Number of protein chains: 2
Amino acid sequence: MERIAGPKGLRTAAAIRRAGLKLIYRHGFGAMSLRDLASEVGIQASSLYNHIRTKQDLLFDLIREHMDALLAQTDAALAAVPDTATERLRAFIRHHIVYHLEKKQDVFIANFELRSLEPQHYATIVAMRRAYESKLIAVLDSGVAEGAFDIRDTRITAYSILAMLTGVCTWYKPEGRLTKSEIVELHTNLVLHGCVAHCDDARS
Amino acid sequence: MERIAGPKGLRTAAAIRRAGLKLIYRHGFGAMSLRDLASEVGIQASSLYNHIRTKQDLLFDLIREHMDALLAQTDAALAAVPDTATERLRAFIRHHIVYHLEKKQDVFIANFELRSLEPQHYATIVAMRRAYESKLIAVLDSGVAEGAFDIRDTRITAYSILAMLTGVCTWYKPEGRLTKSEIVELHTNLVLHGCVAHCDDARS
DNA sequence: CGAAAAAACTAACGTACGTACGTTTATATA
DNA sequence: TATATAAACGTACGTACGTTAGTTTTTTCG
């Protein structure tokens, strides 16, 4: 009779992931020692190896699971709105910001610890990033096709939008002045109507 | 007879800084060993200590020098254009992109290795970042004051603009499809006129 | 040139790293 | 209850780390 993992083990495995995110976010992957990680979980360093194959695999799993969730939830968010480019773009912006604010640590690690991945792991994650970017590019392209958007270069524009939205992670504090909804609304306006210019006939 | 640093020493010190930027950019501060660094320079690890006090001080110096240069050159760029908010904003965007593309490594390190700084070093650098952000906020505020810009929240807008512009560093390749001038122009339009919307009367 | 200082070298320090090993404890099913 | 196995433990491995000390070479300058 086979047993995959007992309930205690599942809890520990989850705790390792949570602690890993926290420590990698705080100190960087290279600077996180497995002894620190184990201590955060409350076990010995060697016991980690009942749950992870190597330190490198832990990093890869954390990032891959994050990208899987991001891709799936993005599809869900886009499927839930009317099939017009503007509505889909609004949904994308809303989803991107909300997801990124809720998973600050995951996002940071997935963006800035890629260099710590071994080549084949790196390639896998970069492909998933490309897939995510393509979803936004597709929204922009469809908007151009239906005449709703005027975009010179949808790829670069998509990169810029993503950079702007992801930037929220660097300053957002839950106890801050703005609610998540206000931040979403503010950035939707920045994307749709520009950051600074008067433009009365286009403002919603 | 006192000697501060001979020409050979100056050359080595500069080489250490250059190699440090390269290796920290590539592998992260924690993952860069001083033996790697020395080997890149072509000396022994212990010889580094003729030029740096500690590894931590090297990181701090690299970031501080970068921030000094950024702040000074920003002032120069803003002083060189007519004193209208729109012109100053265009100058800021142009300068920010050009500087960031030329100093990709410095920028990356100054943005993402802050966590590797000891507390008082960290505080010093964060204060310099604040000063930089304040320069853009001041431009936006003056634009609002003179009626040129319509901005609900100049601080958040400044953060968003900076995130968008800095994002260029993540995808720019010198041999790529777009020239730096084209990238500057493209992003100036994104900031001034929005990323997607039709807005005929505001387009330049 | 010769003195002095800068800057390189070799060797070693103590510490901490990721990981492997063999063993023990806890627990879920047959 | 017996058994299989997950999951913890403690110890040790070989390596690499940042840094210091002492010595030798190179460069500068009166």
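Naming: A, B, ... by sequence-line order, numbering from 1 per chain. The shown structure was predicted, so the numbers you read here are calculated from the model rather than taken from an experiment. Atoms considered below: every heavy atom in the structure, side chains included; atoms not considered: hydrogens, waters and symmetry mates.
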- line: Expected string for nucleotides 17-22 of chain D under the B/S/- scheme (protein heavy atoms, under 4.0 Å, primed atoms plus P, OP1, OP2 as sugar-phosphate) is BBBBB-

Whole angstrom value for the distance that separates [atom2] of [N] from [atom1] of [X]:
X       : N      : atom1 : atom2 : result
A/Leu58 : C/dC17 : CG    : P     : 16 Å
B/Arg11 : C/dA7  : CZ    : P     : 11 Å
A/Leu48 : D/dC9  : CG    : C1'   : 12 Å

task: Please work out if A/Gln44 contacts a base, only the sugar-phosphate, or nothing of the nucleic acid, heavy-atom cut-off 4.0 Å.
output: sugar-phosphate

- prompt: Of all heavy-atom pairs between A/Val184 and A/Val98, which one has the smallest distance, and what is that distance?
  reply: CG2-CG2, 4.2 Å

query: Is any side-chain heavy atom of A/Thr74 closer than 4.5 Å to a side-chain heavy atom of A/His96?
result: no

message: What I'd like to find out is whether the side chain of A/Asp57 reaches to under 4.5 Å of the side chain of A/His121, using heavy atoms alone.
response: yes

message: So does B/Thr179 get a backbone contact from the side chain of B/Glu182, meaning a donor-acceptor N/O pair under 3.5 Å?
response: yes

field: Donor-acceptor pair, side chain of A/Gln56 and main chain of A/Glu118, under 3.5 angstrom
entry: yes

- request: Please evaluate the base of C/dA6 for a donor-acceptor partner in the side chain of B/Asn50 within a cut-off of under 3.5 Å?
  value: no

- prompt: Under 4.0 Å between a side-chain N/O of B/His51 and OP1 or OP2 of C/dA6, yes or no?
  reply: no

query: Is the distance from OP1 or OP2 of C/dA7 to the nearest side-chain N or O of B/Ser47 less than 4.0 Å?
result: no

message: Is the positively charged end of A/Arg129 above the ring of A/Tyr132, judged by distance under 6.0 angstrom from the centroid and angle within 45° of the axis?
response: no

